[in-house]
Structure formats: C-alpha cells, structure tokens
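Working notes, structure below.
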Amino acid sequence: MTTAEGDAFYIPSDLVRPLLSGDEIRFVPAPVNPEADGREVKAVVSVRREAFLLLGEVKKEADGAWYLRSDEPCFTRLFLQEHDVRAHGVDDGDVVAVEISAYEGQPVSRPLEVEIERVLGDRNRDGFAQDYALVKHGFQSTFTESVMAEAEALQAEAGGEPIGHCDLPFVTIDGESTRDFDDAVYAEAIEGGWDVRVAIADVSYYVRPGSALDAWAAERCTSVYLPGRTVPMLPEALSTDRCSLTPGDVKRAVILQCKLSEAGEVSEARIERALIQSAARLTYNEVASYMADEGQRFAAPVEKNLDALVDVYRVLLKQRDEAGKLDFDEPEPNLEKLPDGGWKLVWESRTEAHKLVEELMLLANRVTAEMLLDRYGAAVLRHQPAPEAEDWHDLRTWALTQDVELPDAPSMKSLAGFLAAQPDADSLAAASHRIRSCMRPAKYVVLDREQAGGHFSLSFDWYTHFTSPIRRYADLLVHRLLLAPAGYELNAAEMTDLERRVAKCSERSQAARLAERGVWDGLKLQNFTAEVPTATSLKARVVRITPRGLRVVIQGWQCAAWLPAGSLRANGFKLEESTWYGPGRNGQVVPLEEGYPMQVSWTRVVRERPAYPELNVALVKAGDRLAA
C-alpha cells in the first residue's frame with residue numbers, strides 16, 4: 001500500500017481481508033523496526049470505498065454456492081445468488097461485471113453479496129478484449145435513445161445559420177482507414193512568409209450546451225480507438241457524416257488563419273466560421289510519396305497547396321529543433337486484415353507526412369492557447385510540468401556516468417543534445433528510457449498567465465487542444481470559448497463548471513489510454529507467442545529492477561516480460577542492497593541498470609491472473625554494455 005505522500009506500508013494478511021482494490025484507508029502505523037525492510041500497518045481505522053464495477057470469473061464451489069473470483073486483488077469473499085446467476089444465463093468460468101456498493105466506516109470482515117450488472121462471457125471469444133477494456137475503464141459502448149435522436153435530427157438538418165464560403169483548396173491528410181475527418185489544411189506563399197489555414201470541423205455549432213449530445217460528450221470526453229474497433233465520442237451521424245470534412249461536400253468549419261514569417265513566427269492570427277469544401281482526401285502514404293518525389297501526382301491546385309505546406313513544415317520543424325525536440329520515432333502497432341478474416345499485427349513507422357500534419361496541428365494548438373489567454377486572461381490548457389527536482393537530479397547523476405553534464409534546471413534543449421551525443425543504438429535506447437522515466441504526464445487544466453502552464457516536452461509556453469472536437473470534449477470546450485460572442489466573460493459559477501469539465505477530460509483521457517494499451521498489449525502478446533519459437537534469442541531492454549527479478553521489454557515487439565531472479569542467479573548475477581550485479585569483462589562486477597540491453601528467450605505465459613497474462617523469459621546473456 002502507498003500513502004498520498006508516496007510512503008509504502010505493508011498490510012498484514014489479517015488486516016487486508018476486509019479490503020478491496022482501490023479502497024482508501026485510515027490506519028495506525030506499527031512502531032518502526034530498524035531490522036525490517038519497510039513500514040507496517042498496525043491497525044486499519046476506517047475504510048472509504050466509492051461504488052464501482054468489478055470484473056471477474058463466476059465460479060461454482062463444491063457445495064453448489066456461486067462466488068466471484070475477482071480479476072483485481074481482492075481479499076474479501078464475493079458471493080452471488082443462484083437466481084441471479086441463472087437469470088443471466090451465466091456458466092462456470094464466464095466473466096461478469098458486478099456492482100460494488102459505496103461504503104464508508106470501520107472495516108467489516110464478512111463476505112459481500114454482489115449482483116451481476118453485465119455479462120462478458122468467455123475470455124476466448126472474439127471481441128472479448130475490447131468489451132472488457134470498455135467496461136473496466138467505464139466507457140458505455142451504446143448511445144442512449146435521446147442522444148441518437150438528436151444526432152439523427154442534426155444529420156438531416158438543412159441550411160442553418162448563414163455564413164461565408166471559403167473557396168480555397170483545403171485537403172485532408174489521414175490514414176487509409178480514417179472515417180472522421182476533423183481537420184483540413186491549406187497554405188500559400190505570400191510576401192515575407194506564408195498564409196496558413198487550419199480548418200477544423202465545427203462541432204460546437206451542432207453540439208450545444210444543455211443538449212443530450214453535450215451531456216453525453218461531457219461524460220465520455222473522448223473517442224476510444226481499440227484494435228479493430230472505434231468507440232466514438234459522438235454518434236456516427238455526426239462524427240463521420242454531418243461534422244466530418246469529407247471531400248467534395250460543403251461543411252461547416254472553424255478556420256484558424258495564421259500569417260507566418262519566413263522564420264516561422266506568427267505575425268497575425270484570427271479565427272472565423274466558414275463553409276469549406278475539401279478538394280481532396282489524401283493519405284499519409286500518398287503525401288509521403290509526393291514529398292519524397294517518388295512520382296505521386298495530384299491535381300495542380302492540390303500540389304500547389306502541398307508545396308507550400310511542405311515549406312511551412314520545414315520551417316516549423318527547424319524552429320522546434322532549435323528549441324529542443326525529442327523524437328523517439330518508434331514503430332507503432334497496426335492491424336492488417338488476413339484473407340481468412342483474422343488479423344495480423346504489423347509495425348509501422350511515422351512518415352514525413354505524419355510529421356507535417358503534426359507540426360501544423362501543434363501550430364494551431366499553441367496559437368489558439370495564446371488567443372484564449374489574450375481574450376480571457378485564462379485558458380483551457382494541455383499542461384505538462386517540467387520533471388520533478390528529484391527525478392531531474394537522478395537523471396543528471398546518471399548522465400554524468402555517460403560523460404554528459406545536464407544543467408541544474410530541466411531543459412528540453414539539453415535533453416535533445418544528450419540524446420544526440422549517444423554513440424550507438426544501445427546507448428541511445430538507454431538514455432531515451434531514462435528521459436521518459438523522468439517525464440511527468442500532461443493534463444487538461446484551467447490556468448491564467450500568472451501560473452506556469454507550459455508544455456515541457458513540446459517546449460511551448462502555452463498549449464491547448466483545438467484540432468479534434470469530433471473526438472475530444474476538451475477541444476469542443478476550447479471552440480466554444482474562442483467563438484463566444486464579443487464581450488462574453490466567464491462568471492465565477494461558469495469558471496467552476498469549466499474547471500470541473502476539464503478535470504473530467506483529464507480523467508477520461510487517461511482511462512481511454514489505459515483501455516487502448518490493455519487491448520494492444522494483449523494482442524501483441526498473442527501474436528508474439530504465435531510467431532516466435534521459445535528457443536529464439538531476442539533482444540530486450542531492462543525497464544524496472546526489483547529483488548524478485550527484472551521487468552524487460554522485448555525489442556521489435558514492445559512486449560513486456562518478466563525475468564525471474566532465478567534466471568539472473570543462474571547466469572552469475574548477485575543481489576546486493578536491491579541492486580543486481582553481473583559478471584563483466586576482466587573479472588569486473590558491474591551493476592545492472594535500467595535501460596541495459598539483454599538477450600533473452602521466452603519460456604512460458606503465466607495465467608494465474610487470467611486478466612493479466614504474464615510473459616516469462618530467461619536470460620541468454622547480458623548485453624555488451626553490461627560487460628563493458
């Protein structure tokens with residue numbers, strides 16, 4: 001157990017029985033024992049538990065009683081009524097979600113009776129992993145009738161408030177499978193620089209405050225992109241139809257116009273609503289081929305637009321490189337449909353076209369953040385603070401072992417230089433891991449100019465999310481603020497409500513990432529074990545060190561695996577004061593550190609916790625950096 005201050009305490013088995021995963025407790029610590037490894041809890045005073053859904057397997061005992069074997073750590077017996085099991089048609093071993101009621105008071109050591117809220121069925125069925133992730137992280141997969149009725153009425157709506165028409169040849173640039181086009185881009189060279197325009201789907205025109213659609217979007221906050229399945233924030237009548245900037249169709253858009261100097265500085269920016277008609281739906285691969293001069297051709301107006309966009313991209317990229325930019329550029333997993341209807345995992349790297357669009361979206365997001373601050377004195381921001389002082393100190397200390405001196409205060413420019421100074425791929429990977437470990441997460445916040453609200457890893461003083469209102473509620477909030485009538489100011493109650501909604505966006509954004517990562521991790525493990533024989537020697541990298549063994553990531557697959565302590569000892573490693581030491585060259589004893597490479601082979605998949613299968617590996621040999 002960990003306290004709010006980050007201190008770890010051990011809870012004895014007799015005290016943990018009344019507790020469930022996620023419980024908050026007040027406790028009395030035991031007296032400090034200098035010979036013990038850590039602190040211990042003497043008594044649990046009170047328990048605070050919020051209502052939540054718990055997932056697990058329905059099991060039948062020898063006496064005919066039914067109980068739930070929780071997927072999460074759970075020391076309380078959870079019993080089901082037989083009539084509830086029968087009513088839901090559940091079999092032994094089926095996975096269900098049960099409602100755990102809220103509770104506050106003294107710990108009670110008695111079994112809990114729970115009721116089935118949702119049946120997910122057999123873990124091995126098609127689509128189980130996606131359904132499981134959505135339930136676990138609180139995403140309802142079907143829209144309510146009122147939400148669908150509103151969306152369908154808006155889909156059929158004709159006309160609306162009259163606005164001007166922008167006849168420029170905007171283009172969308174997305175992946176081959178993209179269906180919701182929320183941004184289109186245009187640029188042209190002008191005297192002293194460029195005129196750049198980023199058109200974003202005008203979702204705020206359709207999704208109004210107080211509507212059923214708004215209430216739904218404010219609760220979900222984000223679309224969820226699972227392998228083989230998208231769960232949109234808004235119904236498809238809006239997300240892929242009415243709001244989507246599909247080519248050839250006249251659509252409502254919010255257009256950010258920026259005048260850029262030849263050095264990439266913004267000299268002028270304004271925002272307006274207008275009708276646009278996308279001239280072409282381009283894919284990343286097509287644009288990357290055009291940028292590489294590989295013979296890809298488009299209509300003349302589209303090519304003129306692309307040429308200007310590429311020039312802008314080069315300038316913006318240079319600007320960010322000079323400020324300090326980390327670009328790990330690791331391949332990402334994707335799914336490829338097989339002839340038999342199955343799916344194969346493939347790894348794809350970002351192209352220059354991906355980076356072009358990214359730079360344009362970054363430009364739009366930082367410019368609109370400044371516009372909000374200029375108008376309101378405060379803004380909805382995507383804020384990433386600098387690394388904690390202790391984490392930065394640890395990174396500086398480690399960097400000195402690599403003959404690199406980092407400054408006293410965190411700096412992206414120094415980190416970019418640190419990576420550039422690495423002599424080989426292994427050193428680069430180790431340094432990248434260390435840098436990532438010290439980074440703090442980004443969150444949505446409402447801050448004013450007097451508060452530190454920058455985005456550390458982007459090297460921006462101010463940054464927001466403006467470019468994806470189809471799939472992110474935070475962007476929709478930003479649009480409403482930018483497009484509010486002249487003279488509009490937020491009163492105290494509205495500011496409080498905005499802060500509440502923004503905090504919800506952060507919470508749901510993190511939940512979506514966990515849901516997506518959980519499904520991808522399972523898919524990667526499934527494909528890895530199907531395609532890689534157990535005897536294969538594989539390159540892995542250490543990401544966490546414990547006395548019980550190492551957590552490693554297998555390169556090329558990005559699969560996490562567990563290397564038990566026994567395998568380390570069998571290869572000459574020894575544990576001293578929580579550090580593993582291994583045999584180096586010339587009889588040296590070398591400490592093992594996070595980021596070090598190793599050769600491993602996988603041995604088995606442990607399924608003692610069915611929801612969290614664990615890949616086990618054995619050490620083949622330590623990497624050359626360890627032996628150096």
Side-chain angles (χ1 to χ4, degrees), residues 13 16-17 19-23 52-62 65-80 84-85 88-100 111-112 114-139 141 224 226-229 333 342-343 345 511 513-532 534 548-549 551-554 557-564 602-617:
S13 58
V16 82
R17 289 193 186 97
L19 305 179
L20 299 179
S21 180
D23 284 355
F52 69 101
L53 287 180
L54 181 67
L55 290 151
E57 290 184 4
V58 173
K59 306 301 291 183
K60 189 174 185 179
E61 296 186 322
W66 294 88
Y67 73 99
L68 185 80
R69 185 170 67 187
S70 170
D71 283 352
E72 305 301 326
C74 178
F75 307 96
T76 299
R77 293 285 282 174
L78 304 172
F79 282 98
L80 295 157
D84 192 27
V85 173
H88 285 88
V90 174
D91 292 324
D92 188 284
D94 279 351
V95 177
V96 301
V98 300
E99 175 74 28
I100 301 295
L112 286 180
V114 293
E115 293 186 357
I116 296 173
E117 292 291 321
R118 173 84 181 270
V119 178
L120 283 85
D122 189 341
R123 290 188 194 274
N124 297 314
R125 70 169 174 82
D126 289 342
F128 174 87
Q130 287 86 345
D131 290 340
Y132 187 94
L134 293 173
V135 173
K136 178 179 178 180
H137 295 286
F139 289 100
S141 58
V224 186
L226 303 175
R229 180 179 178 185
W343 296 91
L345 197 66
R513 283 196 296 272
L514 292 174
E516 292 162 3
R517 189 174 71 187
V519 181
W520 276 116
D521 284 350
L523 190 60
K524 286 187 287 185
L525 178 60
Q526 177 184 329
N527 277 258
F528 171 80
T529 54
E531 295 185 22
V532 180
T534 54
R548 297 188 304 108
R551 179 70 63 189
V552 302
V553 170
I554 297 174
W557 286 89
Q558 302 306 315
C559 273
W562 178 251
L563 176 59
W602 76 275
T603 56
R604 61 175 183 149
V605 177
V606 179
R607 301 188 185 276
E608 291 175 4
R609 298 180 64 197
Y612 302 98
E614 183 176 77
L615 182 67
N616 277 18
V617 296

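- Listed for the E516 side chain is no donor-acceptor partner under 3.5 Å among the backbone atoms of V224.
- Rounding to the nearest 0.5 Å gives a distance of 11.5 Å between CG of D521 and CG of L615.
- Remark: side-chain polar atoms of K524 are paired, donor with acceptor, to backbone N or O of Q558 under 3.5 angstrom.
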Original post:
Does the pair V90 and L80 meet the rule for a side chain to side chain contact (heavy atoms under 4.5 Å, CB included), with working shown?
Top reply: CA-CA 11 Å; V90 174; L80 295 157; over 6 Å; no
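- Other residues, nucleotides and ligands contribute over 12 non-hydrogen atoms within 6.0 Å of the CD atom of E61.
- Between D122 and F128, the closest side-chain pair of non-hydrogen atoms is not below 4.5 Å.
- Scanning all heavy atoms of the two residues, the minimum distance from P613 to R607 falls at CB-NH1, 3.6 Å.
- One distance of note links OG1 of T76 with CG of L68; it measures 12.0 Å at 0.5 Å rounding.
- When all heavy atoms are compared, the tightest approach of R229 to S141 is NH2-CB, 3.6 Å.
- Rounded to the nearest 0.5 angstrom, E117 CD and L53 CG are separated by 6.0 Å.
- Taken from CG in L523 to CD in Q130, the straight-line distance is 8.0 Å, to the nearest 0.5 Å.
- Considering every non-hydrogen atom in both A561 and I554, the closest pair reads CB-CD1, 4.4 Å.
- Checked by atom type and distance alone, the side chain of D84 never pairs as donor or acceptor with a backbone atom of E115 at under 3.5 Å.
- When each of V96, L78, V114 is paired with L54, the side-chain contact (heavy atoms from CB on, under 4.5 Å) condition holds for L78 and for no other.
- For the atom pair CZ of R604 and CD of E614, the computed distance is 8.5 Å after rounding to the nearest 0.5 Å.
- Among all heavy-atom pairs drawn from R551 and A560, the shortest one is CD-CB, 4.3 Å.
- By the 4.5 Å heavy-atom criterion applied to side chains, W557 and N527 are counted as neighbours.
- V606 places none of its side-chain heavy atoms less than 4.5 Å from the side chain of W562.
- The shortest non-hydrogen separation linking L20 to C74 is CD2-SG, 3.2 Å.
- In this structure a side-chain-to-backbone donor-acceptor pair under 3.5 Å is present from W602 to V532.
- With respect to the salt-bridge test (charged N to carboxylate O, under 4.0 angstrom), the residues E57 and R123 qualify.
- Counting heavy atoms from C-beta on, the side chains of R609 and E72 come closer than 4.5 Å.
- When all heavy atoms are compared, the tightest approach of C559 to F528 is SG-CB, 4.0 Å.
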**OP:** Check step by step if side chain to side chain contact (heavy atoms under 4.5 Å, CB included) holds for W520 and L345.
**Re:** CA-CA 10 Å; W520 276 116; L345 197 66; 3.4 Å; yes
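- In this structure, CG in D92 is found 4.5 Å from NZ in K59, a value given to the nearest 0.5 Å.
- Under a 4.0 Å N-O distance rule, the pair R125/D94 does not qualify as a salt bridge.
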